[in-house]
2 protein chains.
Amino acid sequence: MLSSENTGVPARTVERLVLYRRLLNGLTEQGVEFIHSHEIAEKANNSAAQVRRDLMAIGYTGNPARGYAVNDLVRSINGLFEQKRDQKAALVGIGKLGRAILGYFALRQARPRIVAAFDSDPAKGQGEFAGCPCYPVDALTSVIARDGITVGILTVPADFAQPVTDLMLVAGVRGILNFAPTPLKTPAWAVVDNVDIATKLEKVAFFC
Amino acid sequence: MLSSENTGVPARTVERLVLYRRLLNGLTEQGVEFIHSHEIAEKANNSAAQVRRDLMAIGYTGNPARGYAVNDLVRSINGLFEQKRDQKAALVGIGKLGRAILGYFALRQARPRIVAAFDSDPAKGQGEFAGCPCYPVDALTSVIARDGITVGILTVPADFAQPVTDLMLVAGVRGILNFAPTPLKTPAWAVVDNVDIATKLEKVAFFC
DNA sequence: GTCTGATTGTGAAATGATTCACAATGTGAA
DNA sequence: TTCACATTGTGAATCATTTCACAATCAGAC
């Protein structure tokens, strides 16, 4: 589950690289051309050593005196995602959470692009939300295959999570971001990441 | 950040225990009295050894021949959270995501209970959503102090995340579940968990 | 009552992630 | 040009998490 068979870059590092890129974006416009590992660390709430290790993972190399060239570094991080740049995602389950996520991604033009949404309620499963075309779940297999969608976002009630997952994987999806509070049974090649909000909240409360 | 100063139970283990409890709930009604580590592992998508280690962490001990007594085990996991059972949470940022979370928790009566919501828009910041009273952010400090709220849920735009965090921590909040795509500066004693949906989606796409 | 066999509890090993610590390096100052 | 200095890149150490593997244990069969 979420192995790095891909490039050898560990999952944690990928997450932090995405963060670094966000922190660096727009810095050049503010006249910042170079930045040191400890400055990135300060922004990212982690250690300078951690930052250097992460950049090492993508083979990016800075300059002992100047630090890292902001623009170049951002390009370098983008390079890591270049290959997967045009992946498409589909969201299943147009409840409140589903709509919130659709809205967020439409607004930000974030990647991967969400190009289809599905719902079992025929009333919701047509038309569009946040500029994203919606279909009834019956159309799931054909639309995913037709559009070459490879990433699925699951915002369905727990009971539907597994059947929808099975459908998606058959149709061509290889990775799933699962918001349903259920572990998913998937073949080993599938990439799954679970975001269980209730559990996370309980965890935070526990450690207070 | 999210250390286990508390009880010595590591954060990962706490998350899995919450999951086990959910998987076990209602099993007794189905006539299942005992369950083996490998059966729990099967449901939870992990290994039997992992399950046994996790139960070891809370000092729960099974029976080599029967396995674990379902009811008793659930009680034991509940025991871990007993002390924190009546913690209260507040949500700040009544956007789409905020409302989705409010709705979800109200419905499930999940813990910690969300007892207040805040928004900077005065129009939203009064009345209630999903049975949860809403206030303008001006009232944040006083309401949090008044109600003894210790957990904060941040669903505000990135720019507001830090100032709202500062307010909450001063008012008495000790733990924050942060959905804003920004690292938060907090004192060491504060517990913070970040849920960055855009990053997670990009990560899944990357490993596909 | 004894024996059998599957399962638990847990040291020890393996794996993975982070931090340490320092030689190598490039820059700007003298 | 040379020097001094802060920073990089990175082996090695540390710390955390998971898996291995096996003695100890319990229930049920005989």
Side-chain angles (χ1 to χ4, degrees), chain A residues 1-20 24 32-70 72-73 76-77 183 188 193-194 203 207, chain B residues 1-20 24 32-70 72-73 76-77 183 188 193-194 203 207:
Chain A
M1 192 230 275
L2 217 58
S3 79
S4 49
E5 41 167 60
N6 232 321
T7 51
V9 183
R12 296 274 179 79
T13 295
V14 170
E15 287 191 346
R16 284 189 300 259
L17 287 168
V18 172
L19 173 60
Y20 300 158
L24 296 177
V32 182
E33 284 197 59
F34 287 90
I35 192 165
H36 291 297
S37 60
H38 68 263
E39 295 172 300
I40 298 179
E42 145 85 7
K43 289 176 190 291
N45 266 358
N46 63 158
S47 70
Q50 176 90 84
V51 171
R52 293 202 299 274
R53 271 263 180 264
D54 289 338
L55 300 193
M56 202 171 120
I58 56 168
Y60 188 80
T61 162
N63 173 308
R66 293 190 190 282
Y68 303 96
V70 176
D72 197 39
L73 175 49
S76 210
I77 297 176
D193 199 3
N194 297 297
K203 182 179 69 169
F207 285 108
Chain B
M1 193 230 277
L2 217 56
S3 78
S4 50
E5 39 167 62
N6 232 324
T7 50
V9 183
R12 295 276 178 79
T13 296
V14 171
E15 287 191 346
R16 283 188 301 259
L17 286 168
V18 172
L19 172 60
Y20 299 159
L24 296 177
V32 182
E33 285 197 59
F34 288 89
I35 192 166
H36 292 297
S37 60
H38 67 264
E39 296 170 301
I40 298 179
E42 145 85 7
K43 290 175 190 292
N45 267 356
N46 63 157
S47 70
Q50 175 90 86
V51 171
R52 294 203 299 274
R53 270 264 179 264
D54 289 338
L55 299 193
M56 202 171 121
I58 56 167
Y60 188 79
T61 162
N63 173 309
R66 293 191 190 282
Y68 303 96
V70 176
D72 197 38
L73 175 50
S76 209
I77 297 176
D193 199 4
N194 297 297
K203 183 179 68 169
F207 284 108

Q. Contact boundaries of DNA chain D with chain B (under 4.0 Å, heavy atoms), 5' to 3'?
A. D:dT17 to D:dG28

Starting at [atom1] of [X] and ending at [atom2] of [N], how long is that distance when rounded to a whole Å?
| X | N | atom1 | atom2 | answer |
| --- | --- | --- | --- | --- |
| B:M56 | C:dA12 | CE | C1' | 12 Å |
| B:N63 | C:dT8 | CG | P | 9 Å |
| A:D54 | C:dA17 | CG | P | 11 Å |
| B:Y68 | C:dT7 | OH | C1' | 8 Å |
| A:E33 | C:dT27 | CD | C1' | 15 Å |
| B:R53 | C:dA12 | CZ | P | 11 Å |
| A:H38 | C:dC20 | NE2 | P | 16 Å |

Q. DNA chain C: A:A65 or B:A48, which has the more 5' nearest nucleotide?
A.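 Here B:A48 is the residue nearer the 5' end.
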
Q: Please tell me which of A:R66 and A:T13 maps to the more 5' nucleotide of DNA chain C, matching each residue to the nucleotide holding its nearest heavy atom.
A: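 It is A:T13 whose nearest nucleotide is closer to the 5' end.
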
Measure across [X] and [Y] and return the closest heavy-atom pair with its distance rounded to 0.1 Å.
| X | Y | result |
| --- | --- | --- |
| A:V9 | A:A57 | CG2-O, 4.0 Å |
| A:R52 | A:Y68 | CG-OH, 3.5 Å |
| B:H36 | B:G67 | ND1-CA, 3.5 Å |

(Q) What verdict does the side-chain contact (heavy atoms from CB on, under 4.5 Å) test give for B:D72 and B:Y60, after you've listed the backbone C-alpha separation in whole Å, the side-chain angles of each residue and the deciding distance to 0.1 Å? (A) CA-CA 9 Å; B:D72 197 38; B:Y60 188 79; 3.1 Å; yes

Q) Does A:R16 have any salt bridge (charged side-chain N to carboxylate O under 4.0 Å, His left out) partners at least two apart in sequence or in another chain, and if so, which? A) A:D54

Q) Does C:dT7 have OP1 or OP2 sitting under 4.0 Å from an N or O in the side chain of B:S37? A)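 For B:S37, the contact criterion (side-chain N or O under 4.0 Å from OP1 or OP2 of C:dT7) is not met.
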
Q | Between CG on residue A:L24 and CD1 on residue A:I77, distance to nearest 0.5 Å | A | 6.0 Å

Q. Hey, what do you get for CD1 (B:I58) to OH (B:Y20), rounding to the nearest 0.5 Å?
A.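 Answer for the CD1-OH pair, B:I58 versus B:Y20, is 10.0 Å.
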
Q | Of the listed nucleotides C:dA17, C:dT25, C:dT18, the one nearest the side chain of A:R16 | A |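 The answer is C:dT18, which lies nearest to the side chain.
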
